[in-house]
Undergrad: 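Before I ask anything, here is the structure I am working with.
We use all heavy atoms of the structure for the numbers below, so side chains are in, but hydrogens, waters and symmetry mates are not. A quick note: this is a predicted structure, and the numbers were derived from the prediction, not measured.
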Amino acid sequence: MKRQVTYQWRLRQVMAEHHMFATTELVPLLSERGITLSASQVHRLVSGTPERLSLPVLAALCDIFDTTPAHLITTNAENLAPRRIAAVGELATGNPQAIRPKRATLRSAP
């Protein structure tokens with residue numbers, strides 16, 4: 001059985017909980033912790049959902065907001081139902097001739 005794992009990046013919500021609404025406010029706080037990111041990089045980090053995140057950045061964010069990674073990233077995992085394959089006529093037998101298109105008949109216009 002397969003499982004689908006999803007996650008939600010909650011940095012914007014955590015910032016709002018700390019009354020921080022401008023992404024530029026985060027730049028000097030990260031810099032104090034040795035993380036050098038441009039204002040546009042911080043904006044993408046806050047407004048988007050990162051696919052990759054370095055551990056030093058995650059640790060700095062946890063320190064800034066006095067929180068844990070579990071508060072910044074919520075996860076969900078659920079079982080996926082097995083895929084069902086429709087079997088129609090000869091398709092179920094695996095005959096490649098069964099999926100061949102039918103020949104079209106052309107007629108002249110009246």
Undergrad: Is it the case that the side chain of S31 and the backbone of V27 share a donor-acceptor pair, with hydrogens and angles ignored and the cut-off at 3.5 Å?
TA: no

Undergrad: Do any N or O atoms from the side chain of R10 and from the backbone of T74 form a donor-acceptor pair under 3.5 angstrom?
TA: no

Undergrad: With a 4.5 Å limit on heavy-atom distance, are the side chains of R12 and V14 in contact?
TA: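 Of all side-chain heavy-atom pairs linking V14 with R12, none is under 4.5 Å.
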
Undergrad: Is there a side-chain contact between M15 and L26 in this structure, where contact means two heavy atoms from C-beta onward sitting under 4.5 Å apart?
TA: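 Yes. Closest side-chain heavy atoms under 4.5 Å.
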
Undergrad: Same cluster for L55 and L72 if Ile/Leu/Val/Met/Phe/Trp/Tyr side chains link at under 4.5 Å?
TA: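 Yes, L55 connects to L72 through the hydrophobic network.
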
Undergrad: Is there a side-chain contact between T67 and L61 in this structure, where contact means two heavy atoms from C-beta onward sitting under 4.5 Å apart?
TA: no

Undergrad: Can you check whether L45's main-chain N or O pairs, donor with acceptor, with W9's side chain at less than 3.5 Å?
TA: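 Judged by distance alone, yes, a pair lies under 3.5 Å.
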
Undergrad: Would you give the length of the straight line joining atom CG of D66 to atom NE2 of H71, rounded to the nearest 0.5 angstrom?
TA: 10.5 Å

Undergrad: Are K2 and N79 close enough that some pair of their side-chain heavy atoms sits under 4.5 Å apart?
TA: no

Undergrad: Output the distance between atom CZ (R107) and atom OG1 (T105), rounded to the nearest 0.5 Å.
TA: 7.0 Å

Undergrad: Looking at CD1 of I73 and OH of Y7, how far apart are the two atoms once the value is rounded to the nearest 0.5 Å?
TA: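 Reported to 0.5 Å precision, the distance equals 8.5 Å.
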
Undergrad: What I'd like to find out is whether the side chain of S47 reaches to under 4.5 Å of the side chain of T23, using heavy atoms alone.
TA: no

Undergrad: Taking the side chain as every heavy atom from C-beta outward, state whether Q8 and Q13 have any pair of such atoms under 4.5 Å apart.
TA: yes

Undergrad: Would a 4.5 Å heavy-atom cut-off, applied to side chains only, mark H19 and E25 as touching?
TA: no

Undergrad: Please report the shortest heavy-atom distance between A77 and R3, naming the atom on each side.
TA: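 Scanning both residues, the minimum pair turns out to be CB-NH2, 3.1 Å.
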
Undergrad: Would you say H18's side chain and F65's backbone share a donor-acceptor pair under 3.5 angstrom?
TA: yes

Undergrad: For the atom pair CD1 (I64) and CG (L29), what is the distance rounded to the nearest 0.5 Å?
TA: 5.0 Å

Undergrad: For E78 and N76, what are the C-alpha separation, side-chain angles and deciding distance, and is it a side-chain contact (heavy atoms from CB on, under 4.5 Å)?
TA: CA-CA 7 Å; E78 56 188 35; N76 184 37; 3.8 Å; yes

Undergrad: Could you walk me through whether L30 and V42 pass the side-chain contact (heavy atoms from CB on, under 4.5 Å) test, one step at a time?
TA: CA-CA 9 Å; L30 287 167; V42 172; 4.0 Å; yes

Undergrad: Taking atom CG of D63 and atom CG of L58, what is their separation to the nearest 0.5 Å?
TA: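 Result: 11.5 Å between the selected atoms.
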
